[in-house]
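Report on the structure given below.
Chain A is the first sequence line, chain B the second, and so forth, proteins listed ahead of strands; every chain is numbered from 1.
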Protein chains: 2
Amino acid sequence: MAIAKTEEFTQEAVYLADIAKALSHPARIQILKILTEMDVCMCGDIVELLPLAQSTVSQHLKELKRVGLIQGDIEGPKVCYCINSSSLKKAYEQIQKLFNQLTKGGSKSCETKKK
Amino acid sequence: MAIAKTEEFTQEAVYLADIAKALSHPARIQILKILTEMDVCMCGDIVELLPLAQSTVSQHLKELKRVGLIQGDIEGPKVCYCINSSSLKKAYEQIQKLFNQLTKGGSKSCETKKK
DNA sequence: ATCGTTCATCGCAAATATACGATAAAAGAA
DNA sequence: TTCTTTTATCGTATATTTGCGATGAACGAT
């Protein structure tokens, strides 16, 4: 109330939701970890580490690429995927900003709000 | 290679993906912000701040409640929603853990991996 | 030119998600 | 009891997601 209905969502919320969507599948979380922790980058290698078909892994890679969290360098018939550090960093900063707001937000517990 | 196919996903990845799924819609991001920034807690109040029908907002609240990020205290016919600080904190810690791993992961760029 | 490797895309099926209006349930107020 | 307020749930429609096998495209090697 007082604050007018936005009729849309904020840019910040749309961005964060989009990043969250890209992270909303266990396979995609694990792909990101595989790309950082292991000396591996090819789609085929990732397929061997996940219980999914090649075409499915390819789709997950596409989704991660869509939001910019990873990038793929074409190497002849192969593609070398890797983390896009700057995008990842930007995403993390926005996530931190969100959670800092959510956690600092004075102890407005249910008890406090009840009137 | 070397590491056997898991045949499933890790517990950590499943948990993080579930939290991310709850955050994967702009309305739900904004609901969390509304609950922390404004002195508001009722479903009806939130409906007025979002371009969505009451039943839709109720569904979003249900999804946030499902993963424990918020809780709802019944107040007669009303329900006072608020952030569940401990769950939110736990989620944030896991997210920080993930991103710290992803960002620190030595500069294994595509260039580095190409062999 | 043909083969093998690697990956993306197509086509399809099943499951989920999103959204709304209508209705039900719960509880205080008249 | 009946009305009002508030929220959840039902039913429905549409869109998106997830997954797979099959196929196609790109390219190096033979």
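- Under a hydrophobic-cluster definition in which Ile, Leu, Val, Met, Phe, Trp and Tyr are linked whenever side-chain heavy atoms come within less than 4.5 Å, directly or via other members, B/Leu50 and B/Val47 are assigned to the same cluster.
- Rounded to whole Å, atom P of D/dG19 lies 15 Å from atom NZ of A/Lys62.
- Between the side chain of B/Gln101 and the main chain of A/Lys33, no donor-acceptor pair closer than 3.5 Å is present.
- Of all nucleotides listed (C/dA19, D/dG19, C/dC7), D/dG19 comes nearest to the side chain of A/Gln59.
- Rounded to an integer number of Å, the gap from A/Asp45 CG to C/dT5 P is 15 Å.
- Atom P of nucleotide D/dG19 and atom CD of B/Glu8 are separated by 13 Å, given to the nearest angstrom.
- The side chain of A/Thr56 contributes an N or O atom lying less than 4.0 Å from OP1 or OP2 of D/dC20.
- OP1 or OP2 of D/dT7 has not a single side-chain nitrogen or oxygen of B/Lys78 nearer than 4.0 Å.
- Classified by interplanar angle (parallel below 30°, tilted 30° to 60°, perpendicular above 60°), the ring pair B/Phe99/A/Tyr92 is parallel.
- Taking the charged nitrogens against the carboxylate oxygens, B/Lys90 and B/Glu93 have no contact shorter than 4.0 Å, which rules out a salt bridge.
- Put simply, CG on A/Asp18 is 13 Å from P on C/dT18, counting in whole angstrom units.
- Residue A/Leu61 contributes atom CG, which lies 11 Å from atom P of C/dT9 at whole-angstrom precision.
- Checking D/dA8, D/dG19, C/dT9 against every side-chain atom of A/Leu52, the shortest atom distance belongs to D/dG19.
- Looking only at distances, a side-chain donor or acceptor of B/Ser24 sits under 3.5 Å from a matching main-chain atom of B/Lys21.
- Not one side-chain nitrogen or oxygen of A/Ser58 sits closer than 4.0 Å to the OP1 or OP2 atom of C/dC7.
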Enumerate the protein-to-nucleotides 22-27 of chain C contacts in which both atoms are nitrogen or oxygen and the separation is below 3.5 Å.
none

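- We find that NE2 of A/His60 is positioned 8 Å from P of D/dC20, with the value rounded to whole Å.
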Which pairs, protein N/O on one side and nucleotides 13-17 of chain D N/O on the other, fall under 3.5 Å?
{"residue": "D/dT17", "atom": "OP1", "partner": "A/Lys21", "partner atom": "NZ", "Å": "2.7"}

